[in-house]
There are 2 protein chains.
Amino acid sequence: MELDETDREILRILQENARTPFSEVARRIDMSSATVHDRVGRMEEAGVIGGYHAEVDPKAVGYGVSAFVGLRVEQGREEDALERLRDIDGVSEIHLTTGEWDVMLRVVAADTDSLRELMFEEVAEMDGFSRSQTMIILGTDFDADGPPI
Amino acid sequence: MELDETDREILRILQENARTPFSEVARRIDMSSATVHDRVGRMEEAGVIGGYHAEVDPKAVGYGVSAFVGLRVEQGREEDALERLRDIDGVSEIHLTTGEWDVMLRVVAADTDSLRELMFEEVAEMDGFSRSQTMIILGTDFDADGPPI
DNA sequence: TCTGAAACCATCACCTG
DNA sequence: CAGGTGATGGTTTCAGA
């Protein structure tokens, strides 16, 4: 889908605050809210907008620790291995990557104890993986709302 | 802030779709929308809800490549180095981590050429860093809307 | 892309158990 | 004091221009 500057402005506004009323978006880009409604609908259709999500503080819901986990996958067992990872509670992202690791996870856990359990009782027990490395996130210095638009 | 099961249900609904009208949230949790309005307001105040964001497909806005970048920081130069990273266009997350890397970035770029520029003309030129490693994301297998609630 | 209108929703002051 | 009611002004949504 081809986006013009108007679409991009709408995206910027909704990326920053997804609950901005279309009527206000319309005011800010100087168009009618029917047009905004239209354009947003088309961008949702096309998959440009994948959804709208409340950003929930992990600590507030009981997750005190986040980490990246790099994994090496044994040849030929990728699919099976990935499927089982998806079912582990606390695994919130699974990426396939180049470089030192084949798979990079993002995980959340209540505390370091439950992170250890997650790693040693769930991930390490799964076969299909060799080596892993856990990089605990000590702090996040910057976290954009999404890609720059 | 103390969250009860009602708060958590509201969070689940808004994490999945931040534009759900409070009146519908109210219907689903069997309460009045005034109560939902109230609870959401309190959770925003308390920072449990950090915001609402449209999820924008990076490819649709011209970013064909995403990567994780691990960096080693030289002793005593952390603050200065982090500040300069934040100003590089395409750097969308900056995390401090334990393990092999001191800093883990998430970056987006138009293509591999501009990723190379980003790395060699911007990051590598900055002093305060030794070693770096770029892990290009070949694909994302799973991406949760946020922490499990 | 807009106008206009009906249905719908957010929000607030004020009750109620 | 958390939750509900009801009024009102704003918002969404859609047909038709």
Side-chain angles (χ1 to χ4, degrees), chain A residues 1-64 110 143-149, chain B residues 1-62 144-149:
Chain A
M1 183 192 180
E2 190 73 6
L3 302 179
D4 62 17
E5 186 49 37
T6 302
D7 290 322
R8 301 168 70 92
E9 279 190 55
I10 293 171
L11 289 177
R12 255 175 242 125
I13 292 167
L14 295 179
Q15 188 183 69
E16 204 256 332
N17 179 7
R19 284 189 75 92
T20 311
F22 290 175
S23 58
E24 193 195 322
V25 176
R27 240 172 280 138
R28 283 162 62 178
I29 66 173
D30 212 58
M31 286 195 169
S32 75
S33 49
T35 304
V36 173
H37 183 257
D38 247 50
R39 284 175 176 257
V40 170
R42 258 181 290 127
M43 290 194 282
E44 288 173 353
E45 277 303 302
V48 174
I49 296 174
Y52 306 94
H53 308 289
E55 182 193 337
V56 176
D57 176 14
K59 287 211 177 89
V61 290
Y63 298 99
D143 196 348
D145 299 335
I149 302 171
Chain B
M1 184 189 178
E2 192 71 6
L3 302 178
D4 61 17
E5 188 50 38
T6 303
D7 290 321
R8 300 168 70 93
E9 279 190 55
I10 294 171
L11 289 177
R12 255 175 241 127
I13 293 167
L14 295 179
Q15 186 182 69
E16 204 256 331
N17 179 8
R19 286 190 72 92
T20 312
F22 290 176
S23 59
E24 193 194 322
V25 177
R27 236 172 284 137
R28 284 162 62 179
I29 67 173
D30 212 58
M31 284 198 173
S32 75
S33 49
T35 304
V36 173
H37 183 257
D38 242 52
R39 284 175 176 258
V40 170
R42 256 181 293 126
M43 290 194 282
E44 289 173 351
E45 278 303 301
V48 174
I49 297 175
Y52 307 94
H53 309 288
E55 182 191 337
V56 176
D57 177 13
K59 286 210 177 87
V61 290
D145 298 336
I149 301 170

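In what follows, chains are A, B, ... by sequence order, proteins preceding strands, each numbered from 1. Predicted model, so just to flag it, every value in this text is computed and none were measured.
Counting only heavy atoms from C-beta outward, the side chains of A:V25 and A:V40 never approach each other to under 4.5 Å. Between A:L11 and A:L3, some side-chain heavy-atom pair lies under the 4.5 Å cut-off. The shortest distance between side-chain heavy atoms of B:H37 and B:S32 does not fall below 4.5 Å. Looking only at side-chain heavy atoms (C-beta outward), A:L14 and B:R19 come within less than 4.5 Å of each other.
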Which donor-acceptor pairs under 3.5 Å do side chains of residues 43-52 of chain A form with protein atoms, sequence neighbours excluded?
| residue | atom | partner | partner atom | Å |
| --- | --- | --- | --- | --- |
| A:E44 | OE2 | A:Y52 | OH | 2.6 |

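Taking 4.0 angstrom as the limit, A:H37 places none of its side-chain polar atoms (N or O) nearer than this to OP1 or OP2 of D:dT12. Close to D:dT12, at under 4.0 Å from its OP1 or OP2, lies no side-chain N or O of A:S33.
We find that CD of B:E2 is positioned 17 Å from P of D:dC1, with the value rounded to whole Å. If you take CZ of A:R39 and C1' of C:dC2, they are 13 Å apart, rounded to a whole angstrom. Note: CD (A:E44) to P (D:dT12) measures 13 Å, nearest angstrom. Following rounding to the nearest Å, A:D38 (CG) and C:dT3 (P) show an atom-to-atom distance of 14 Å.
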Listed pairs, N/O of protein and of nucleotides 13-17 of chain C, under 3.5 Å:
none

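With hydrogens and angles ignored, the 3.5 Å screen pairs no side-chain donor or acceptor of A:Q15 with any backbone N or O of A:P148.
Listed by residue number, there are no residues of residues 8-16 of chain B with a heavy-atom contact under 4.0 Å to DNA chain C. Contacts with DNA chain D (heavy atom under 4.0 Å) in residues 19-32 of chain A: A:P21, A:F22, A:S23, A:R27, listed by number.
Residues passing the side chain to side chain contact (heavy atoms under 4.5 Å, CB included) test with B:D4 are B:T6, B:D7, B:R39, sequence neighbours excluded. A search for side-chain hydrogen bond (donor to acceptor under 3.5 Å, both in side chains) contacts involving B:T20 returns nothing, not counting sequence neighbours. For A:H53, the side chain to side chain contact (heavy atoms under 4.5 Å, CB included) criterion is met by B:E55, B:D145, not counting sequence neighbours. For A:Y63, the side-chain hydrogen bond (donor to acceptor under 3.5 Å, both in side chains) criterion is met by no residue, not counting sequence neighbours. Partners of B:E9 under the side-chain hydrogen bond (donor to acceptor under 3.5 Å, both in side chains) rule, at least two apart in sequence or in another chain, do not exist in this structure. Among residues two or more places apart in sequence or in another chain, the side chain to side chain contact (heavy atoms under 4.5 Å, CB included) test is passed with A:R27 by A:S23, A:E24. B:E2 meets the side chain to side chain contact (heavy atoms under 4.5 Å, CB included) test with no other residue; sequence neighbours excluded.
Comparing the helix axis at one end of the helix from C:dT1-D:dA17 to C:dG17-D:dC1 with that at the other, each defined from 5 consecutive pairs, gives an inter-axis angle of 30° (nearest 10°).
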